[in-house]
Structures are given as structure tokens and as C-alpha cells.
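Report on one structure; see the data block that follows.
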Amino acid sequence: SDTHFSRRSMLLCCSLAGAVGYAAYAYLRSFVPLVIVGTLAIGMSTATFAQLFAYAREVLKTVGVAEAEQAFYMNIFRMFFALSWTVGPAIAAWIMVNFSFHGLFLCAAANFVLFACVVWKYIPAAPPPFAMQAGRSPQTMLMALRRVDLLSHLGALALVNATINMYLVNLPLFILETIHGSKTDVGIAFSVAPMFELPLMVYFGWLAMRRDSAGILRIGMLLALAYYLSLLFVAHPWQVYVCQMLSAGMIAIVSGIAINYFQSHMPHHPGTATNLYSNAQRIGSTAGYFLFGLIAQQFGYRAVFALCALFAFAALLLMLVPTRVPADEAVICPAQ
């Protein structure tokens, strides 16, 4: 997608794979076929995230938006994903109550069909606008992964995402079982963060136009460390509500600024860079789910936050590795 095929063709293929995959989820009742569909069709559909952000980056370059301003617009774009994560679960719950899993998966499939229609209508079938620069660059994904700075920062992102998934699963159980809160307390705790997260995405996007993105990411790691350390000492549900403001800041940075930051690592290869970002997220998420079960069962829910704090500290150390963009990747001229 960086050198040969249009973003439109990539997005259409991936969205149609998602439609087929979720429609199959609605009807399949055998384990092995579900695993195959989930691995191939649903797995392929996840590339739509990276391709969308790669396309957004190319559009900004093509229209001549300054490099310093791109972080702001990319963060605004990312904000709509955060909004969908906020309202999506409520819509899904209503569908589940009224139409069960069958209806839920069919609605997900229809959503991908609608997405494909929007792509067909509004995204042009044009070759990658910076294919020439990408083709001339010796930078490949394997070469990029040999860069100590890029690998370190991807590792930091994976660690932070592992903590995010651990705390999302752990926090409700911690509130109910450890500090003896109610289900209402759980709902309030998870409602506080989105209220701050969306405006903070706008703020940090604005800040990235004036400050180094790497420095802002380090602030995100510090917020993560402060958040998990504070959860180690809470004794009442209302204290969790206050801590959730730190969570909002962390997620606003890690899920927003980080995309533009990794694209800047490989400016001629926005598709590759964004895929590396999303894969680091998924690696961290998968590790987080496994580690949550292991630590919570052996040492309790509060111990999970101790591990999260340790991971956040390690992520901060990895982010201290200075960025070195290769000379051949340093300059991009917008298409005329």
C-alpha cells in the first residue's frame, strides 16, 4: 500500500473480509471454522485501522499541511475512534438485548458493508502519492525493526497497551471484590475517563504542534506510572474516580500522538509505520490478557496494578532512547 496498490483497494478488501467474517460468526457453531474465520477474515479486517490512518497522513501531506500541524489533525481523526469506543458498547448492549449475538454479528457485518460503500464513494482509486519516494528508500520493515530507537519505542507502546488491557479487565473486579464497591461504582469509574479523554486528545494534538512528540509520549508513560501507583493505594470507590483522570490523559496520548509519532519514524512508509503501531498494540493487548489471569489468580487484583506500574516504568525507560530518523527518510515534499 505504500508503493504499489491504492489505499482504496486495501480498504475495500479488508472491509469486505470483515463483513464476511462477522456474517460467518452469526451462523457458524463449530469451533474450528470459527477459529479459521477469526484468523483469516476478521484478522484481515483489522488492517482497515492502519490503512485509514496511512491515508489520512497522505492526504495531509498532499494538501501541504505542515509537518508540525499534522499531529493535531491526526489526533482529531483519532478522537472519532475514541468516540466510537464510547458509544459503541451502549449500542451493542441494546442490540444484544433485542437481537442476541446473531443480530449483533450481523450488525457488525452490515457496518463493514456501509464502510466499504463510503470508501468506494469517497476514496479515489489512485496509486500511493509518495510511491516514488518510498520505492527509492532503502528502508524496509525488517531494516526498520533493526533500528534500536524504533524497536525500543514499539516495545514501550506494547508494554503500555498490555497495562491498559490488564487494568480494563481488572478494575471492575478490583472495585467489586477488593474495595467492596457496587456495580454503580464500576459504571461511574468507566464513565469518568471518556469525559476527559476526548478534550484531552484535542489538547495534546494542539500541544504536539508546539512540542516534541517524543516528550509528550514520555509524559503519557509518566501518567500511566502515576495512575497505576495511585490505584495501588485506593481504599474507596470515589478515589478510583479521581484516578481515572490520569487514565484519560494516558490514553489520550498513547492512542493519539503515538500514531503520528511512529509515522514520523518512517515518513515514506505510512502504511508500514501504522501497521507496526497497531501490531505493537495487539501484541501488548494479548500479553495483557494472559498476564491478568495469571497474576490475579495467584496474587490478587491489587497485584495486577503493581505489575502495570512496573510495565509503565519500563516503557518510560524505553521511550528515553533518542529518535534517529535515517537521512533518506528525513524529507518529504508534498505532491504537486
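Computation of the quantities below employed the complete heavy-atom set of this structure, encompassing side-chain atoms and omitting hydrogens, waters and symmetry-equivalent molecules.
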- Give a yes or no answer on whether the side chain of Asn161 reaches the backbone of Leu157 with a donor-acceptor pair at less than 3.5 Å. yes
- Query: Given side chains that start at C-beta, do those of Met221 and Leu317 come closer than 4.5 Å, heavy atoms only?
  - Reply: no
- Message: Can you give me the closest heavy-atom contact between Ala19 and Val113, atom names plus distance?
- Response: CB-CG2, 3.8 Å
- Message: If you count every heavy atom of other residues, nucleotides or ligands that lies below 6.0 Å from Arg8 atom CZ, does the total exceed 12?
- Response: yes
- Item | pair Ile295-Tyr301: side-chain heavy atoms closer than 4.5 Å | no
- To the nearest 0.5 angstrom, please state how far the CG atom of Leu318 sits from the CG atom of Asp149. 12.0 Å
- Query: What is the distance from atom OG1 of Thr286 to atom CD1 of Ile283, rounded to the nearest 0.5 Å?
  - Reply: 8.0 Å
- Item | Derivation and outcome, side chain to side chain contact (heavy atoms under 4.5 Å, CB included), residues Val304 and Phe174 | CA-CA 10 Å; Val304 175; Phe174 174 75; over 6 Å; no
- Message: Please determine whether residues Leu34 and Leu40 belong to a single hydrophobic cluster, defined as Ile, Leu, Val, Met, Phe, Trp and Tyr linked transitively by side-chain heavy-atom distances below 4.5 Å.
- Response: no
- Message: So, taking the atom named CG in Leu150 and the one named NE2 in His153, what distance separates them when rounded to the nearest 0.5 Å?
- Response: 8.5 Å
- Message: Between Asn165 and Tyr289, is there a side-chain donor-acceptor contact under 3.5 Å, judged purely by atom types and distance?
- Response: yes
- Looking at Ala248 and Ala193, what are the two nearest heavy atoms and their distance? CB-O, 3.4 Å
- Task: For Asn111 and Cys107, indicate whether the former's side chain and the latter's backbone hold a donor-acceptor pair under 3.5 Å.
- Result: no
- Query: Transitively linked via ILVMFWY side-chain contacts under 4.5 Å: Leu320 with Phe313?
  - Reply: yes
- Task: Apply the test side chain to side chain contact (heavy atoms under 4.5 Å, CB included) to residues Ser15 and Val119: give CA-CA distance (whole Å), side-chain angles for both, the deciding distance (0.1 Å), then the verdict.
- Result: CA-CA 9 Å; Ser15 57; Val119 170; 5.6 Å; no
- Hey, does the side chain of Asp185 reach the backbone of Gly181 with a donor-acceptor pair shorter than 3.5 angstrom? no
- Do any N or O atoms from the side chain of Gln244 and from the backbone of Tyr241 form a donor-acceptor pair under 3.5 angstrom? no
- Query: Is there a donor-acceptor pair under 3.5 Å between the side chain of Arg29 and the backbone N or O of Ala26?
  - Reply: yes
- May I ask whether Val192 and Val186 are part of the same hydrophobic cluster, defined by side-chain heavy atoms of I, L, V, M, F, W, Y residues being less than 4.5 angstrom apart, directly or through others? yes
- Does some side-chain heavy atom of Asp212 sit less than 4.5 Å from a side-chain heavy atom of Ile216? no
- Query: Closest approach of Val63 and Leu60, non-hydrogen atoms and distance?
  - Reply: CG2-O, 3.4 Å
- Query: Can you check whether Gln51's main-chain N or O pairs, donor with acceptor, with Arg7's side chain at less than 3.5 Å?
  - Reply: no
- Any side-chain heavy-atom pair of Ser247 and Glu197 under 4.5 Å: no
- Query: Quick one: do Val169 and Met166 end up in the same hydrophobic cluster if we chain Ile, Leu, Val, Met, Phe, Trp and Tyr together by side-chain heavy atoms under 4.5 Å apart?
  - Reply: yes
- For the side chain of Ser30 and the backbone of Pro33, is there at least one donor-acceptor N/O pair under 3.5 Å apart? no
- Flag side-chain contact, heavy atom, 4.5 Å: Leu207 against Phe72: no
- Item | Side-chain donor or acceptor of Glu177 paired with backbone N/O of Leu173 under 3.5 Å | no
- Among Gln70, Arg57, Arg78, whose side chain to side chain donor-acceptor pair (under 3.5 Å) with Asn260 holds? Arg57
- Query: Can you list the steps and then say if Thr46 with Arg282 is a side chain to side chain contact (heavy atoms under 4.5 Å, CB included)?
  - Reply: CA-CA 10 Å; Thr46 61; Arg282 293 184 183 282; 3.3 Å; yes
- Search all heavy atoms of Met96 against all heavy atoms of Leu104 and return the closest pair with its distance. CG-CD2, 3.7 Å
- Item | More than 12 heavy atoms from other groups under 6.0 Å of CZ on Phe5 | no
- Message: Restricting to non-hydrogen atoms, name the atom on Ala309 and the atom on Leu229 that form the minimum distance, rounded to 0.1 Å.
- Response: CB-CD2, 3.9 Å
- Would you find a donor on one side and an acceptor on the other, under 3.5 Å apart, between the side chain of Thr274 and the backbone of Gly271? no
- Message: Do Leu16 and Leu28 sit in one hydrophobic cluster, given that two such residues count as connected whenever their side-chain heavy atoms are within less than 4.5 Å of each other, even indirectly?
- Response: no
- Nearest-0.5 Å distance that lies between atom CG in Leu246 and atom CG in Leu222: 11.0 Å
- Message: Under a 3.5 Å distance rule, please check whether Thr178 uses its side chain to pair with a backbone N or O of Ile175 as donor and acceptor.
- Response: no
- Trace of the ring pair (Phe, Tyr, Trp, His ring centres under 6.0 Å) decision for Tyr25 with Phe105: CA-CA 6 Å; Tyr25 271 15; Phe105 287 130; 5.3 Å; yes
- Item | Steps toward side chain to side chain contact (heavy atoms under 4.5 Å, CB included) verdict (Thr39, Val35) | CA-CA 6 Å; Thr39 303; Val35 170; 4.0 Å; yes
- Query: Looking at side-chain heavy atoms only, is the closest gap between Leu106 and Tyr27 below 4.5 Å?
  - Reply: yes
- Item | Asn75 side, atom CG; Ile259 side, atom CD1 - distance, nearest 0.5 Å | 8.0 Å
- Taking the inter-plane angle between the rings of Phe49 and Phe53 on a 0 to 90° scale, is it parallel (under 30°), tilted (30 to 60°) or perpendicular (over 60°)? tilted
- Might you point out which heavy atoms bring Leu12 and Ala116 nearest each other, and give the distance in Å? CD2-O, 3.4 Å
- Is the Phe77-Tyr73 ring centre distance short of 6.0 angstrom? no
- Any side-chain heavy atom of Trp206 within less than 4.5 Å of one from Met201? no
- ring pair (Phe, Tyr, Trp, His ring centres under 6.0 Å) partner of Tyr167, chosen from Phe292, Tyr227, Phe305: Tyr227
- Query: Taking C-beta and beyond as the side chain, do Ile123 and Tyr55 meet within less than 4.5 Å on heavy atoms?
  - Reply: yes
- Query: How far does CE of Met74 sit from CE of Met79, to the nearest 0.5 angstrom?
  - Reply: 13.5 Å
